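The basis for the numbers below is simple: all heavy atoms, side chains too, and nothing from hydrogens, waters or symmetry mates. Computed from a predicted structure; not experimentally measured.
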Amino acid sequence: APLAPEVDTMMLAEGYLRNFYGLETELHPSFKRKITDSVSEKLKKMQSFFGLKVTGKLNNETVEMMKQPRCGVPDIGE
Amino acid sequence: YVLIDGNPKWPRNDLTYRIINRTPDMRPADVDEAIKQAFEVWSNVVPLTFRKIEDGAADIMMSFQFRDHGDGYPFYGPHGTLAHAFQPGPRIGGDVHFDEEETWTKNSKGYNLFIVAAHELGHSLGLAHSPDPGSLMYPNYAYRDTKEFHLPQDDINGIQAIYGQSLQPVQPTGPSTPRTCDPNLSFDAVATLRGEMLFFKGRYLWRKHPQIRETEINLISQFWPTLPAGIQAAYEDVEKDQFVLFKEDKFWVFKESNVVHGYPKRIHQLGFPKTVKRINAAFSDKNTRKTYFFVANKYWRYDENRQSMDEGYPRNIISVFGKIGKVDAAFQHDGYIYLFHGRKQTQFDPNTKQVVRVLKSTSWFGC
């Protein structure tokens with residue numbers, strides 16, 4: 001069963017989504033809820049692109065994909 | 001394939017490139033050759049030409065860069081991001097930057113410069129990342145045999161959508177990624193590995209976990225970079241936690257992603273006569289530790305404990321497994337043996353020695 005992601009995994013994921021899926025950096029604490037939704041949406045895009053199960057949640061399979069060496073060009077147009 | 005938003009492209013077909021600096025990881029001549037070949041990957045399939053210049057501004061400037069290098073996209077040290085490129089356009093447009101902190105090579109160790117350069121040049125010419133895991137424009141690095149490199153069909157379709165077809169009389173074609181639910185799909189080899197099922201076909205393998213609905217397709221080289229494509233047989237030795245793969249007269253033993261020292265070896269070291277040139281299929285019975293090898297219409301049985309072939313073999317497949325004929329792939333699951341031939345697989349009960357049913361080869365994928 002997928003394990004709960006650790007804190008540094010969450011940082012890895014946010015960095016990855018920022019670099020390759022245009023996740024915007026959190027500027028204000030009150031936007032926390034919105035940012036979380038945004039992470040989920042970006043995760044869905046990433047999972048869909050790589051043919052993973054689309055959950056919008058950070059699971060082991062998604063983290064493993066994020067850890068793979070890759071090209072620095074974003075996977076999305078915007 | 002996916003085109004970069006706005007469909008940017010070069011307005012001319014005769015482009016120039018310049019190599020600004022070279023990595024100390026490789027001989028300068030090898031860097032130049034890898035980059036030249038990377039350009040040829042694309043010029044072979046579209047009416048573009050690339051001319052190398054030594055001074056001044058070229059359309060595509062290629063360089064090795066370190067950490068923050070002033071373009072707003074810093075590198076962060078080894079692994080992670082390997083390189084990036086800019087879409088067609090003036091000044092920085094088309095330029096390619098490689099992360100100097102990676103280990104660049106002309107083989108399967110570290111990161112192969114030719115493969116990364118060819119991928120980045122796809123961006124320089126107007127291609128975005130493709131979700132096809134077999135394509136060159138897939139964002140994750142995977143080593144592939146560079147001596148026999150053929151640009152995948154997905155990439156050919158993409159670049160020809162931008163620049164048109166090659167001027168060559170015969171249009172180049174490339175390998176296509178197999179479709180998981182293709183009714184005509186057959187397999188080169190099938191095996192279990194740590195509770196998952198692996199299905200091999202050409203350069204690809206599908207991973208299927210019995211409790212997970214989705215099936216994942218990957219390049220074989222993503223897991224075992226040193227293995228050639230076209231594996232012909234495979235089996236898991238559960239007791240030793242090893243994975244054995246066969247191609248032609250060689251076999252490899254892997255422990256996780258590392259090849260065990262001394263491999264590949266010749267199949268004749270297992271006790272096969274010299275007349276046997278390749279293994280078509282294999283499976284290992286984890287209870288008896290007997291491994292079955294299928295060759296043409298016969299099979300051999302190998303004792304993993306004694307490390308030798310059992311007496312009285314080969315036997316005819318038909319005498320034990322029924323009218324199956326040649327076997328392409330085989331594996332054991334939940335006490336049954338599954339024997340694949342073409343688009344079909346036969347579920348065989350070794351206790352009653354009877355065929356239970358005949359299924360489509362892709363039945364495991366939930367198609």
| query | Counting only heavy atoms not in B:Y73, do more than 12 sit closer than 6.0 Å to its OH atom? | reply |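 No, because the 6.0 Å sphere around OH of B:Y73 holds 12 heavy atoms or fewer from other groups.
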| request: Please say whether more than 12 non-hydrogen atoms of neighbouring residues, nucleotides or ligands are located less than 6.0 Å from NZ in B:K109. | output: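 Not more than 12 within 6.0 Å, no.
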| field | Interchain contact, B:Y111 with chain A, by part (heavy-atom threshold 4.5 Å) | value |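 Side chain only.
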| Contacting region of B:E120 [heavy-atom separation from chain A under 4.5 Å] |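 Contact with chain A is through the side chain of B:E120 alone.
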| query | Relative to chain A, which of B:I217, B:L3, B:T81 shows the most heavy atom pairs under 4.5 Å? | reply |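 Maximum pair count with chain A is reached by B:T81.
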| said: If we define contacts as heavy-atom pairs under 4.5 Å, which of B:L82, B:V2, B:V116 has the most with chain A? | reply: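 Of B:L82, B:V2, B:V116, B:L82 has the most heavy-atom pairs under 4.5 Å with chain A.
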| Contacts of B:R67 that satisfy salt bridge (charged side-chain N to carboxylate O under 4.0 Å, His left out) - sequence neighbours left out |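 B:R67 satisfies salt bridge (charged side-chain N to carboxylate O under 4.0 Å, His left out) with B:E101 once adjacent residues are dropped.
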| message | I need the B:M137 CE to A:C71 SG distance, nearest 0.5 Å. | response |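 Taking CE in B:M137 and SG in A:C71, the distance rounds to 6.5 Å.
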| request: Can you run down the salt bridge (Lys or Arg N to Asp or Glu O under 4.0 Å) pairs that involve residues 56-69 of chain A, sequence neighbours left out, and say none if there aren't any? | output: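 For residues 56-69 of chain A, and leaving out neighbouring residues, there are no salt bridge (Lys or Arg N to Asp or Glu O under 4.0 Å) pairs at all.
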| request: Determine, step by step, whether A:Q68 and B:H79 satisfy the side-chain contact (heavy atoms from CB on, under 4.5 Å) criterion, reporting the C-alpha distance in whole Å, the side-chain angles of both residues, the deciding distance to 0.1 Å, and the verdict. | output: CA-CA 8 Å; A:Q68 289 185 23; B:H79 311 298; over 6 Å; no
| Residues of residues 83-99 of chain B near chain A, each having a heavy atom less than 4.5 Å away |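 Residues of residues 83-99 of chain B touching chain A at under 4.5 Å: B:A83, B:H84, B:A85.
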| request: For the pair B:H129 (side chain) and A:V73 (backbone), establish whether a donor and an acceptor sit closer than 3.5 Å, ignoring hydrogens and angles. | output: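 Yes, the answer is positive, given that a donor and an acceptor are paired below the 3.5 Å cut-off.
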| query | Within a strict 4.5 Å, meaning less than it, do heavy atoms of the A:D75 and B:Y138 side chains meet? | reply |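 SC-SC contact between A:D75 and B:Y138 ruled out.
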| Looking only at heavy atoms, which of residues 46-56 of chain A get nearer than 4.5 Å to chain B? |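 Interface residues of residues 46-56 of chain A: A:F49, A:F50, A:K53.
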| field | A:M65, part contacting chain B, at a heavy-atom distance under 4.5 Å | value |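 Looking at A:M65, backbone and side chain both touch chain B.
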